[in-house]
Amino acid sequence: MSNFAFNNPAFQQQDPRNVASYPGAPGAQRGVQGAQAASLQHGAMDAAANAQLEGMYASPSAGSIETDRMSVEDTVWKTAGLFGILLVTAAIGWVWSLGGLSFNPSAGVSMLPMIIGALGGFVLAMVITFTSRKKVRPALIFGYAALEGLFVGGISAFFEVIYPGIVVQATLATLAVVGVTLALFANGKIRASKKMTKVFMIAMVGYLVFSLLNLVLMWTGVNQNAFGLRSVEIMGIPLGLIIGVLVVFMAAYSLVMDFDQIQQGVRNGAPRQYGWVGGFGIMVTVVWLYVEILRIIAIARGSD
C-alpha cells in the first residue's frame, strides 16, 4: 500500500503538466484567483440575498388584498361598511316613517318603511344564506343592509313616538351586549361548542314557533293585547320580559357563533370575499338583538 505522504505534489516528478497544479504555479494562481473571484461572487450574492430577506422581514406582512385570503381586519372593515349603509337607510326610514323632519303627531307614523324593509330583508336574507356557499354576491348583501336600515329606522320611529327615549336606551343596551360578548370572546372566556349550538338551535326553533303563533293570534284578533302572548303575566311579570331576557342570551351566543365562524375562516384560509358573509352574519344578529331589546324596554315601560 502506497504511503499517503507521497501523494503530496511536492514529492511528484517535476513535470510541466504537474507543475501547473502546484501551489504557487502560474496555472495554480489563476485557479486560486478564479476561486477567489467565484468566492467573491458568491459572497456578493449572499449579501444581496440577505439584504433582500432583511427587507422582506422589515416590510409589512401581506394583507388580505395581496393574499386574497380572509382576514379579521378585512372582515371588520367590511362589517363597518355594511353598518354604515344600514345607518344611512335607517335615517331615511326614520324620516319617512315620521312623514318628514317636522313630525305631525296627528298624521301618525307610516308603517310602510318598516314593512318594505322587513319583507325585502327577509327575502334577501334567505337568498344570501342559501347561495353564499356556491358564490358570494356582495351586491345582495349591500341590498340587505339597505333594507334592514329601512326596517330599523321604521320600527325605531314607531316605538319612539309611543315611548320617547326608548331608541337611545335600546341602542346603548345593544352596544353593551355586543361589546361584552366581543371582549369575552377575544379573551377566550366563551367559545362556541357543538353541545351548546344544539341547545341554541332547539331554543331558536321554539322561539320561532312561539313568535309565529303569537303573530297569528294578533292578526286574527284572538289576542288583542299590545304584544299578544308576551303581555300575559306570570306571577306579575310579563311573559315578554322572561322570553326577552332568554332571547338576549340567545342573540349573544349567536354573536359568539358569528365570531367563531370568522375565526375559523381566517385560520382555514378562506377566500377574501367570505368576509362579506361574516359581516352579514354579524349584522343579522345585531339587528335581531336590537329589536328584541327594543321590545323588552317597551313591555317594561308599558307595564309601569
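Computation of the quantities below employed the complete heavy-atom set of this structure, encompassing side-chain atoms and omitting hydrogens, waters and symmetry-equivalent molecules. Counting from 1, the numbers follow the sequence of the chain as shown. Quick caveat: nothing in here was measured; it's all calculated off a predicted structure.
Note on Trp96 and Met111: same hydrophobic cluster, where clusters join Ile, Leu, Val, Met, Phe, Trp and Tyr whose side-chain heavy atoms are under 4.5 Å apart, directly or indirectly. Follow the hydrophobic side-chain contacts under 4.5 Å out from Val152 and you reach Leu112 in the same cluster. Met204 and Leu229 end up in the same hydrophobic cluster when Ile, Leu, Val, Met, Phe, Trp and Tyr side chains are linked at under 4.5 Å. Connection of Met218 to Met114 is not established within any shared hydrophobic cluster, with ILVMFWY side chains joined at heavy-atom distances below 4.5 Å, either directly or through further cluster members. No single ILVMFWY cluster, assembled from side-chain heavy atoms under 4.5 Å apart, contains both Leu172 and Leu289.
The minimum heavy-atom distance linking Thr89 with Leu86 is given by the pair OG1-O, 3.1 Å. Taking both residues in full, the closest heavy atoms of Phe185 and Arg191 are given as O-NH1, 2.6 Å, listed atom of the first, atom of the second, then distance. Taking each heavy atom of Val277 and Ile141 in turn, the nearest pair found is N-CD1, 4.2 Å. The two residues Met283 and Phe83 have their closest heavy-atom pair at CA-CZ, 3.6 Å. Closest approach of Phe227 and Ala298 over heavy atoms only: CZ-CB, 3.7 Å. Between Gly154 and Ser97, the shortest heavy-atom distance links the atoms CA-OG, 3.2 Å.
The distance from the CD atom of Gln263 to the OG1 atom of Thr75 is 11.5 Å, given to the nearest 0.5 Å. Here Leu147 contributes atom CG and Ile85 contributes atom CD1; the two are 11.0 Å apart, rounded to the nearest 0.5 Å. Separation of atoms OG1 (Thr197) and CD1 (Ile202) is listed at 11.0 Å; rounding is to 0.5 Å. Remark: Trp276 CH2 to Ser132 OG distance equals 13.0 Å, nearest 0.5 Å. Rounded to the nearest 0.5 Å, atoms CG (Leu150) and CD1 (Ile115) are 12.0 Å apart. The structure places CE of Met70 at 5.5 Å from CD1 of Ile262, a figure rounded to the nearest 0.5 Å.
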Exercise. When you look at Ile297 and Tyr163, which way does the side-chain contact (heavy atoms from CB on, under 4.5 Å) test go after all the steps?
Worked result: CA-CA 9 Å; Ile297 298 174; Tyr163 308 102; over 6 Å; no

Exercise. Where do Tyr290 and Val167 land on the side-chain contact (heavy atoms from CB on, under 4.5 Å) test, with the steps shown first?
Worked result: CA-CA 9 Å; Tyr290 170 77; Val167 171; 3.6 Å; yes

For this session: Determine, stepwise, if the pair Leu119 / Val123 fulfils side-chain contact (heavy atoms from CB on, under 4.5 Å).
Result: CA-CA 6 Å; Leu119 294 179; Val123 172; 5.7 Å; no

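At distances below 3.5 Å, not a single donor-acceptor pair connects side-chain atoms of Asn214 with backbone N or O atoms of Phe210. Glu160 places a side-chain N or O within donor-acceptor distance of the main-chain N or O of Gly165, the cut-off being under 3.5 Å. Under a 3.5 Å cut-off, the side chain of Ser254 and the backbone N or O of Met250 do not form any donor-acceptor pair.
Contact annotation: the side chain of Leu98 approaches that of Val161 to within less than 4.5 Å [non-hydrogen atoms, C-beta and beyond]. By the 4.5 Å heavy-atom criterion applied to side chains, Val256 and Phe200 are not counted as neighbours. Residues Val245 and Leu241 fail the side-chain proximity criterion, which asks for heavy atoms closer than 4.5 Å. Using a 4.5 Å cut-off on side-chain heavy atoms (C-beta onward), Leu246 and Ile243 make no contact. Side-chain atoms of Leu182 and Leu255, non-hydrogen and from C-beta on, never get closer than 4.5 Å to each other.
Phe280 and Tyr144 have perpendicular rings, their planes meeting at more than 60° on a 0 to 90° scale where under 30° would count as parallel.
A 6.0 Å sphere centred on OH of Tyr253 holds more than 12 heavy atoms belonging to other residues, nucleotides or ligands.
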